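Beneath this line is the structure, given in structure tokens, with notes to follow.
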There are 2 protein chains.
Amino acid sequence: MPTIRDVSKLAGVSIATVSRVINNSGYVKQETEKTILHAMKVLKYEPDPIARSLAGKSTRMIALVVPDILNPFFPEIAKAVENEASRLGYTLILCNTDNSLEKEESYFRVFEQKRIDGVILASYTFDASQIKKWQRKMPIVVIDNRFPEHPTIVSIISHNRSGAHLAVNHLIEQGCQKIAHICGPMDVYSAKERYKGYEDICESQEWFTPDLVVQGNFQIKESYQATLQLMNRHQDVDGIFAGNDIMAVGALKGLLELNIGVPSEVKLVGFDGISIPLVVPELTTVSQPIGEMGALAMFRLVDLMNNRPLESNVQVLNVDLMIKDSSTTRASKEFMK
Amino acid sequence: MPTIRDVSKLAGVSIATVSRVINNSGYVKQETEKTILHAMKVLKYEPDPIARSLAGKSTRMIALVVPDILNPFFPEIAKAVENEASRLGYTLILCNTDNSLEKEESYFRVFEQKRIDGVILASYTFDASQIKKWQRKMPIVVIDNRFPEHPTIVSIISHNRSGAHLAVNHLIEQGCQKIAHICGPMDVYSAKERYKGYEDICESQEWFTPDLVVQGNFQIKESYQATLQLMNRHQDVDGIFAGNDIMAVGALKGLLELNIGVPSEVKLVGFDGISIPLVVPELTTVSQPIGEMGALAMFRLVDLMNNRPLESNVQVLNVDLMIKDSSTTRASKEFMK
DNA sequence: ATGAAAGCGCTAACAC
DNA sequence: GTGTTAGCGCTTTCAT
């Protein structure tokens, strides 16, 4: 592998000048620049990123921390982030935490040690003080979570509350007379907002009781079990709003188990809009712009890494109701039972 | 951040000696070692990985290249690889290629430049000669693919052909009288093996015709369309073996579209055994040990990186038939129609 | 068993 | 505009 020294020799200049054209910093005569560029081409020279990093430049590596890479939401985020990262010349490090605080902490220590330039963090376990602590050492952009009390934390999130309104109103329009909610962990901002959105609309209905809300923890299995319980308590539930798509899948499994038809007996709406249409029947869902969220996270991170000021620390994205088969009895299709 | 120099001063030795204990190479008196270890602890010293890399050591970074991170098979691989990698002190770089040869090539160039220690490659587009070319520069372990003509390529793969036997025999046992196959790209080893497995058993049946095999290309959409065509050509097909799970999902969608009951009218079996049970009804599938495959890939890569000889360049894993709802009419559950 | 010193390939003052 | 040089933090001969 040729080094900067080889280039400087071939071009008949000093390595400093070569360095200048590599970084195009400082002044360098058009002509010499040309000679150098040519020499670089001839030698197929590529600056060594490790040496650059050691000499004080950035590592051009960023990390993506996700709680559960098996939840299709996160591969979608990962795809978008990786795509933008590689386009911008960054290398993406993937970290899966299984919702473990310990792992998160240990990853951040590695990031510091390896001088990662920045991190995109999806976590439901890390709290504001820990984020702020690490933020002093490296730029961090949080996705799908938010800390309203801590305005210095940069985050990207969707309109969860109004998204929930869309979901519930849709169920009402479809004629549902008793709508339940399977919620995510209540200490997670997005889960709580979706819950609040449900509450906003349902609380005032005469059929409403608090135990129409059951805990699913953003997991298939928990949601499945919660659904069994729920339908046991309230046989007359005819609409379910699940706090995310995989919980909706859990609910679907539960309803199937109980021999309850979807959508004929119970109509179901999820949240997230994971793009790979894995579920049959296809799920009606409140779709977040997941790819956009990943890409924006990358852009904001780049802003931070370049000390560019942000217009605002929190960016809230619009959501969209995607009406599919699990909530509408159309075309005479019935899926279960 | 303290440096090796700080440690050497505090311990009253030269940096060379400190380096020796860091790498425990060369001789160093028990006593001095203790002093140094203590000094390191006091200063909370951690060797700078970048400096180490520059000075000629490895980067402790490995790359995982996948064709499509949205296919749940690959997040599962990624999870296992990342898990072992971080356990072993390696950092995992994620690369998504969208089956683009160009992207693959460009990633490998980056790997060389960044002195990645090794790569785990899942690709259906890279061919043997390209792998061998890059293999001269860095250790590579191929997963879910294999090049029988090129025994120097290290790969990990499942028993695809006998897995297909399991699938087809199961369908026959379930009473199927005409079994079709939705295959993956025929230039991909695993797809071809699964196809061969289907053929092994079906070719001799009196109902067999070559056009019972349709092309799905390992994608949902293509498989969906292939299924529509297939069922149009052969109304009497009552069993489908799909070359992977997401193609099985595509088939399910197609059958749904045509108002064909699963499993009552058509029984369906997939391949892969993606663990997240996203599909309702749950898919009968030939399950590969996906996590194990990822972990083994990491282990073999470590062997290669340490120049340890492998017992064999190709490792073939056992598969398992997971009987679920899409192929058995049990408990009076019927899912569609 | 330990230390001195020459790099690894690059950046960034500083000097001319 | 361009060159000289001192690092960045570590590894690794080569002496001793």
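Naming convention: chains lettered A, B, ... in sequence-line order (proteins, then strands); numbering from 1 in each chain. Predicted model, so just to flag it, every value in this text is computed and none were measured.
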Tell me every residue that passes side-chain hydrogen bond (donor to acceptor under 3.5 Å, both in side chains) with B:S100, counting only those two or more places apart in sequence or in another chain. none

Are A:M1 and A:T3 packed together at the side-chain level, in the sense that at least one heavy-atom pair is separated by less than 4.5 angstrom? no

Distance under 4.0 Å to a non-hydrogen atom of chain A counts as contact; along DNA chain D, which nucleotides mark the start and end? D:dG1 to D:dG9

Just jot down the salt bridge (charged side-chain N to carboxylate O under 4.0 Å, His left out) partners of A:R146, sequence neighbours excluded, or say none. none

Sequence neighbours excluded, which residues qualify as side-chain hydrogen bond (donor to acceptor under 3.5 Å, both in side chains) partners of A:Y189? none

Could you please spell out the steps behind the side-chain contact (heavy atoms from CB on, under 4.5 Å) verdict for A:M138 and A:D117? CA-CA 7 Å; A:M138 64 195 85; A:D117 288 343; over 6 Å; no

The bend of the helix from C:dA1-D:dT16 to C:dC16-D:dG1, taken between the axes of its five terminal pairs at each end and rounded to 10°, is 40°

B:E84 vs B:R87, test: salt bridge (Lys or Arg N to Asp or Glu O under 4.0 Å). Steps then yes/no. CA-CA 5 Å; B:E84 295 306 328; B:R87 231 174 36 79; 2.7 Å; yes

Show each protein N/O and nucleotides 8-10 of chain C N/O combination with a separation under 3.5 Å, one pair to a line.
{"from": "C:dC8", "atom 1": "O2", "to": "B:L54", "atom 2": "O", "distance (Å)": "3.4"}
{"from": "C:dC8", "atom 1": "O2", "to": "B:A55", "atom 2": "N", "distance (Å)": "3.4"}
{"from": "C:dG9", "atom 1": "N2", "to": "A:A51", "atom 2": "O", "distance (Å)": "3.4"}
{"from": "C:dC10", "atom 1": "OP1", "to": "A:Y45", "atom 2": "OH", "distance (Å)": "2.4"}
{"from": "C:dC10", "atom 1": "OP1", "to": "A:D48", "atom 2": "N", "distance (Å)": "3.1"}
{"from": "C:dC10", "atom 1": "OP2", "to": "A:I4", "atom 2": "N", "distance (Å)": "2.3"}

Once salt bridge (charged side-chain N to carboxylate O under 4.0 Å, His left out) is applied, do any residues pair with B:E112, and if so which ones, sequence neighbours excluded? B:K137

Expected output is a numbered-order residue list: members of residues 30-42 of chain B with a heavy atom under 4.0 Å from any atom of DNA chain D. What is it? none

Taking the side chain as every heavy atom from C-beta outward, state whether B:F218 and B:V188 have any atom pair closer than 4.5 Å. yes

Can you name the side-chain hydrogen bond (donor to acceptor under 3.5 Å, both in side chains) partners of A:T97, sequence neighbours left out? none

With sequence neighbours left out, write down each residue that passes salt bridge (charged side-chain N to carboxylate O under 4.0 Å, His left out) with B:K133, or none if nothing qualifies. B:E105

For B:R308, check salt bridge (charged side-chain N to carboxylate O under 4.0 Å, His left out) against everything at least two apart and list the hits. B:D303

Partners meeting side-chain hydrogen bond (donor to acceptor under 3.5 Å, both in side chains) with B:R52 (sequence neighbours left out): B:N23

